[in-house]
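Structure first, commentary second.
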Number of protein chains: 2
Amino acid sequence: MSADTDNPQGSCALSLSFVDEHTAARLAEIFKALSDPTRVRLIAALCAGERCVHELAEQLEMSQSAISHQLRTLRQLRLVRSHKEGRHVYYALDDDHVLTLFAQGMDHVQHI
Amino acid sequence: MSADTDNPQGSCALSLSFVDEHTAARLAEIFKALSDPTRVRLIAALCAGERCVHELAEQLEMSQSAISHQLRTLRQLRLVRSHKEGRHVYYALDDDHVLTLFAQGMDHVQHI
DNA sequence: ATGATGTTTGAACATATATTCATGAATATT
DNA sequence: AATATTCATGAATATATGTTCAAACATCAT
């Protein structure tokens, strides 16, 4: 069996198999953002629309500080964006890409 | 602004926003599997077809032990499957779901 | 059998991570 | 002004994770 020509996964597989270390690191970073249950629940909550920090803290029944720390992680990785309205800081999914990625993960979980 | 009726993300968002803790944990687990650069590179390598451990170790220029440890993580999360042929253990992506999830991540990275 | 090859496993260590608590900054209310 | 609310930040701690090394296991060849 020749491993080099063996390609059971389809035509797009070839380009995916050439992932340089930098890209691999960035990919890992994105997935790492979603590798924590709290952050998963935050993303899920934001699928329904934007929310401010204390709303998210209530919904997840966690301290405001903990939520803020996690939102910071999500913010740094551009998975969410925020804007201020008075005292409140509203968070929302950065774009539909995040939702698609998240939904794909859900698919996988439900598929197993 | 009524947060409950605000839904700028589309119709599928509602169901995604109701993610119980167990599902969140499983989702996080899946994403965690892809949250390490080595594992990302492994998945990428396997996109081209099945490979045995020492081939992957050569390609990634890492010790066989390190590769084996990471493959175990991926195996436990059903992202890869393996079968033995003589002394060799061949690994492959478990199904197309993995490839789709991975490709979606690539999309996101290249989109930012 | 003996030795060589391919893979897995366990233990130990260093690093990374999430969480909590305390504090500070900005805004709103009285 | 004084106070309360909302959020961000830093430090400390406990836990989790990746890596390395050594040893064990399985398979094959001689």
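In the text below, chain A, chain B and the rest are named by the order of the sequence lines, each starting its count at 1.
- The distance between atom CG of A/L71 and atom P of D/dA8, rounded to the nearest whole Å, is 7 Å.
- Nearest nucleotide to the side chain of B/H69, out of C/dT20, C/dT7, D/dT20: D/dT20.
- Distance, B/R75 CZ to C/dT9 P: 6 Å, rounded to whole Å.
- The side chain of B/K84 lies closest to D/dT27, out of C/dT27, D/dA8, D/dT27.
- Between A/Y91 and D/dA8, a side-chain N or O to OP1/OP2 separation shorter than 4.0 Å is present.
- Between A/S35 and B/S65, the residue anchored nearer the 5' end of DNA chain C, judged by the nucleotide with its closest heavy atom, is B/S65.
- Under 4.0 angstrom from either OP1 or OP2 of D/dT17 there lies no side-chain N or O belonging to A/K32.
- Within 6.0 Å of CD in A/Q76 there are more than 12 heavy atoms belonging to other residues, nucleotides or ligands.
- Applying the 4.0 Å criterion to OP1 and OP2 of D/dC7, one finds that A/R72 has every side-chain N and O outside that range.
- Between D/dT19, D/dC7, C/dT7, one nucleotide has an atom nearer to the side chain of B/Q64 than all others, and that is C/dT7.
- Rounding to whole angstrom units, OH of residue B/Y90 and P of D/dT27 are separated by 15 Å.
- Between B/H83 and B/Y90, the two ring planes are parallel [angle under 30°; tilted spans 30° to 60°].
- Look at CD on A/E55: it is 14 Å from C1' on D/dT5, rounded to the nearest Å.
- No donor-acceptor pair closer than 3.5 Å links the side chain of B/T23 to the backbone N or O of B/V19.
- In this structure, A/S68 does not reach the D/dC7 phosphate: none of its side-chain N or O atoms is under 4.0 Å from OP1 or OP2.
- If A/D36 and B/S82 are placed on DNA chain C by their nearest nucleotide, the residue sitting closer to the 5' end is B/S82.
- For the OP1/OP2 pair of C/dT19 and a distance below 4.0 Å, the side-chain nitrogens and oxygens of A/Q70 include at least one atom meeting the criterion.
- The NE2 atom of B/H88 sits 17 Å away from the P atom of D/dA26 (whole-angstrom rounding).
- Using the six-membered ring where Trp is involved, A/H97 and B/H108 have ring planes that are tilted, between 30° and 60° apart.
- A donor-acceptor contact shorter than 3.5 Å links the side chain of A/T100 to the backbone of A/D96.
- Within the structure, a side-chain polar atom (N or O) of A/T38 is placed less than 4.0 Å from OP1 or OP2 of C/dT19.
- For the OP1/OP2 pair of C/dT5 and a distance below 4.0 Å, the side-chain nitrogens and oxygens of B/H54 include no atom meeting the criterion.
- The nearest whole Å value for the distance from the CG atom in A/L77 to the P atom in C/dT17 is 11 Å.
- A distance-only check finds no donor-acceptor pair linking the side chain of A/R51 to the backbone of A/L46 [under 3.5 Å].
- Rounded to an integer number of Å, the gap from A/Q76 CD to C/dT17 P is 11 Å.
- The distance between atom CD of B/E58 and atom P of C/dT5, rounded to the nearest whole Å, is 13 Å.
- In this structure, the nucleotide among C/dT7, C/dT19, C/dT27 sitting nearest to the side chain of A/R87 is C/dT27.
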